[in-house]
Amino acid sequence: MTAECIKISEMSRHVGQEVTIQGWLYNSRAGGKVQFLIIRDGSGMCQGILEKKEGAEELFQEVKHLGQESSLRVQGMVREEPRSVGGYELALSDVQIVHKTQDYPITPKSHGIDFVMKNRHLHLRSRRQWALARIRHTVVEAIRNFFNSHGFTLVDTPIFAPAVGEDEQTLFNLDYFGEDVALSQTGQLYLEAAAMSLGRVYCFGPTFRAEKSKTRRHLTEFWMVEPEIAYIDLDGLLEVAEQFVYSVVQAVLKDRQVELEILERDVRVLQKIKPPFVRLSYTEAVELLHSDKVKLFLEGQLQQKQEQVKQLEDHITQWTGEQEVSKKQWQKDKLSQQIQQAREDINELQEQINNIPHHMELAAGFRWGKDLGGSDETIISQLHEQPVFVHRYPKQAKAFYMKPDPLEDRVVLNFDCLAPEGYGEVIGGSMRQDDYDALLARIKKEGYEVENYEWYLDLRRYGSAPHGGFGLGVERTVAWLAGIKHIRETIAFPRMMGKIYP
RNA sequence: UCCCCGAUAGCUCAAUCGGUAGAGCGAGCGGCUGUUAACCGCUAGGUCGUAGGUUCGAACCCUACUCGGGGAGCCA
């Protein structure tokens, strides 16, 4: 191994040169006199070609029996090769085996989610998970870049927090030297204090919710970025939020093309994202949910999905017939895979079909005053190509710190941002109550101990100013941009209800 | 907390009406100089989630439980 050590991502700059690559065996195909080794090194994948040469038969045999995910150093000549992954390949002159792996559990074939999550520590090496990790990285980077370049100062807020604030059922309680304390579910109250010092601030860290939710958009531990701005109004906040989301979308489109392609993301829908986003008041949203438009939309969706199921069933019948008459084994395999996939799709569709009447009922029977449900959000976001800001929710459904609208006291100056394509809420934010008397009255009304909020009330005693902010969930944003169904794949080691291994 | 679905080989899934448990992948051995989830031949691999019940006979029917998936509520 005398040649220069490079990363696979740099291969295009080393055509015609002898180089060394250090990585892992992703997959291999062995012939009698030639082997194709797919090697990954973290920066990408490439194909190595090993030919059987006189005097090197032993190495050839040894490499032939290497298990998937064996670690190795290889040396070879870089050449262009359109048939190879990434467009380049390595004509190997030497292979140094660093570690021989036997029986790697995650094969290149399909696996169930339970199996894969129990092997999450290995699952991270898979192509799809690699792509998601890199998209997440870019999302995080874009978040930091946006705030850092718009005059915000980072303030880290505590993770141990007094068990006060919102609904205590949603908090993880723990014993803090004999005192009842909870893991933080927002840094917002502390951030409000910091905003009165620094003007524009943000915090970015893990946050914890003990909600007993088992859905594709919930984790018990997730990452949230929360900006807080002094001297702003609701319209100003919406403008910051849409510029912010736009900048994150652009960064992913620009820097993660390869990864989006691996995930088969339809980037055209992301390319359309552009301010101004849709603005819809809560009251307008309720009217929309009651409208014929929604009814027709759901009926159309129902019909469409039923037709899809019928089509898939026809395909299955057809494929089953073809399977019986086909002679080649690979044809049978291909057909049975198609059939299996179709069955899974049918199950998914069937479940959606079963849910639609329920969602229709929920939408049609929605009463002004409740918080929007998950299905309601999905419907609203599916009706728009741009993200939707739903603003001015009923006061009764929202947290004590939100500022009521001076023009309509029954609603507060808040907003949620719903991502398109049914991804739902990625941002929640509001203007904060900055009037001392009103805040104190609300704290008392909620039955909270005023004593616990003295410091928070101080912010309204001394130099109170209009301010507001919002929080964006990183995992939901990554799932939306990557176009994946479940947020558990957007974080390396997801924490869900009843899941803590590995 | 509630509703729906599921559990069969290491993995992904079949098994018609209740009648001898099957395939592919993976593993092992052999063959093949250009493969793209390579292919071809052979070999090994099972207490059908657990406990009970119905039956001449249960992977299949019934009951309970465990675990998993999805959804409602709640939420970013």
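Naming: A, B, ... by sequence-line order, numbering from 1 per chain.
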- Message: Please give the distance between the C1' atoms of B/C65 and B/G24 as a whole number of Å.
- Response: 34 Å
- Base-pairing assignment for B/C56 (Watson-Crick or G-U wobble, both under 3.5 Å): B/G19
- Which part of the nucleic acid does A/E361 contact within heavy-atom distance under 4.0 Å: base, sugar-phosphate only, or nothing? nothing
- Taking atom P in both B/C75 and B/G69, what distance in whole Å separates the two? 23 Å
- Item | Base-pairing mate for B/C39 - Watson-Crick or G-U, with both contacts under 3.5 Å | B/G31
- Task: May I have the distance from A/K398 (atom NZ) to B/A76 (atom C1'), rounded to whole angstrom?
- Result: 11 Å
- For A/E264, look at atom CD and say whether over 12 heavy atoms of other residues, nucleotides or ligands are found less than 6.0 Å away. no
- Item | Between A/R120 and A/Q129: side-chain donor-acceptor atoms closer than 3.5 Å | yes
- Query: How would you label the contact of A/G374 with the nucleic acid (heavy atoms, under 4.0 Å): base, sugar-phosphate, or nothing?
  - Reply: base
- When we call it a touch if two heavy atoms are under 4.0 Å apart, what does A/N27 touch: a base, just sugar-phosphate, or nothing? sugar-phosphate
- Message: Rounding to an integer number of angstrom, what distance separates B/G19 and B/A59 when you compare their P atoms?
- Response: 10 Å
- Mapping A/G473 and A/G67 to their closest nucleotides on RNA chain B, which lands nearer the 5' end? A/G67
- Query: What string of B, S and - do you get for nucleotides 1-10 of chain B, 5' to 3', when a contact is any protein heavy atom under 4.0 Å?
  - Reply: B---------
- Task: Look at the aromatic rings of A/F147 and A/F152 and report parallel, tilted or perpendicular, splitting at 30° and 60°.
- Result: perpendicular
- Provide, to the nearest angstrom, the distance between the NE2 atom belonging to A/H486 and the P atom belonging to B/G69. 7 Å
- Item | A/R265/A/E421 under salt bridge (charged side-chain N to carboxylate O under 4.0 Å, His left out): CA gap, chis, key distance, verdict | CA-CA 12 Å; A/R265 177 60 160 133; A/E421 299 167 83; 2.9 Å; yes
- Euclidean distance for P, B/G49 against B/A27 (whole angstrom): 27 Å
- Query: Within the structure shown, what part of the strands sits under 4.0 Å from A/R128 by heavy-atom distance: base, sugar-phosphate, or nothing?
  - Reply: nothing
- Note on the structure: Taken to the nearest whole Å, CZ/A/F389 to P/B/A76 is 15 Å
- Message: Students often get this wrong, so: under 4.0 angstrom with heavy atoms, is A/H111 touching a base, only sugar-phosphate, or nothing?
- Response: sugar-phosphate
- Message: Quick check: on RNA chain B, is the nucleotide nearest A/Y104 upstream (toward 5') of the one nearest A/V116, or the reverse? Name the residue that is more 5'.
- Response: A/V116
- For A/L219, answer base if it contacts any base atom (sugar-phosphate contacts may also be present), sugar-phosphate if it contacts only those atoms, and nothing otherwise; contact means non-hydrogen atoms under 4.0 Å. base
- Could you tell me which nucleotide pairs with B/A51 by Watson-Crick or G-U wobble geometry, both distances under 3.5 Å, or answer none if nothing does? B/U63
Can you check nucleotides 28-33 of chain B for protein contacts, nitrogen or oxygen pairs under 3.5 Å, and list what you find?
| from | atom 1 | to | atom 2 | distance (Å) |
| --- | --- | --- | --- | --- |
| B/G28 | OP1 | A/Q102 | OE1 | 3.3 |
| B/C32 | N4 | A/A30 | O | 3.3 |

- Task: Tell me what A/E89 touches on the nucleic acid: a base, only sugar-phosphate, or nothing, going by heavy atoms under 4.0 Å.
- Result: base
- Determine the interatomic distance between C1' on B/C32 and the same-named atom on B/C39; round to the nearest Å. 9 Å
- Query: Which of these nucleotides, B/G68, B/A72, B/G34, is closest to any side-chain atom of A/H358?
  - Reply: B/A72
- Message: If we ignore hydrogens and angles and just use 3.5 Å, is the side chain of A/Y104 paired with the main-chain N or O of A/L122 as donor and acceptor?
- Response: yes
- Separation of atom CZ in A/F172 from atom C1' in B/C75, rounded to whole Å: 13 Å
- Message: Which nucleotide wins on minimum distance to the side chain of A/D114, given the candidates B/A72, B/A76, B/G68?
- Response: B/G68
- Query: What is the nucleic acid contact for A/I38, judged by heavy atoms within less than 4.0 Å: base, sugar-phosphate only, or nothing?
  - Reply: nothing
- Is A/T207 reaching over with its side chain to a backbone N or O of A/M224, donor-acceptor style, under 3.5 angstrom? no
- Quick check, are the ring centers of A/F146 and A/F244 under 6.0 angstrom apart? yes
- Could you let me know what B/G68 is paired to, Watson-Crick or G-U wobble, both distances under 3.5 Å, or none if it's on its own? B/C5
- Message: Looking at A/K485, I'd like to know if its NZ atom is crowded, meaning that more than 12 non-hydrogen atoms belonging to other residues, nucleotides or ligands lie closer than 6.0 Å.
- Response: no
- Please step through salt bridge (charged side-chain N to carboxylate O under 4.0 Å, His left out) for the pair A/R442 and A/E446, ending with a clear verdict. CA-CA 6 Å; A/R442 183 69 193 266; A/E446 296 289 331; 2.9 Å; yes
- Salt-bridged, A/E51 to A/K33, with N to O below 4.0 Å? no
- Item | Whole angstrom value for the distance that separates C1' of B/C13 from CD1 of A/I113 | 17 Å
- Query: So which nucleotide from B/G68, B/A76, B/A72 ends up closest to the side chain of A/F222?
  - Reply: B/A76
- Query: With centres under 5.5 Å and planes under 30°, do A/F36 and B/G34 count as stacked?
  - Reply: no
- Item | Pair assignment for B/A14, Watson-Crick or G-U wobble, requiring both distances under 3.5 Å | none
- Task: Would you kindly check whether a donor in the side chain of A/R488 faces an acceptor in the base of B/G68, or vice versa, at under 3.5 angstrom?
- Result: no
- Query: Between atom CG in A/L472 and atom C1' in B/C75, what is the gap in whole Å?
  - Reply: 14 Å
- Query: Mind checking the C1' distance from B/C25 to B/G45? Whole angstroms is fine.
  - Reply: 13 Å
- Below 4.0 angstrom from OP1 or OP2 of B/C75, is there any side-chain N or O of A/K214? no
- Indicate whether any N or O donor in one side chain lies under 3.5 Å from an N or O acceptor in the other, for A/Q188 and A/Y401. yes
- Query: Whole-Å distance between B/G73 C1' and A/F366 CZ?
  - Reply: 13 Å
- Message: Does A/R216 reach a base, just sugar-phosphate, or nothing at all? Heavy atoms under 4.0 Å.
- Response: sugar-phosphate
- Nearest-Å distance for atom pair CG/P, residues A/N355 and B/A72: 7 Å
- Query: Using atom P of each nucleotide, how far apart are B/G71 and B/A58 to the nearest Å?
  - Reply: 38 Å
- Query: Relative to each other, are the rings of A/Y393 and A/Y282 parallel, tilted or perpendicular (30° and 60° limits)?
  - Reply: tilted
- Are a donor atom and an acceptor atom from the side chains of A/Q68 and A/T107 found within less than 3.5 Å of each other? no
- Query: What is the nucleic acid contact for A/T477, judged by heavy atoms within less than 4.0 Å: base, sugar-phosphate only, or nothing?
  - Reply: nothing
- Query: What does A/E81 touch in the nucleic acid at a heavy-atom separation under 4.0 angstrom: a base, only the sugar-phosphate, or nothing?
  - Reply: base
- Side-chain donor or acceptor of A/Q47 under 3.5 Å from a matching atom on the base of B/U36? no
- Task: Sticking with atom P, work out how far B/A38 lies from B/G34, rounded to a whole angstrom.
- Result: 15 Å
- Task: Please work out whether the ring planes of A/F389 and A/F277 are parallel, tilted or perpendicular, with thresholds of 30° and 60°.
- Result: tilted
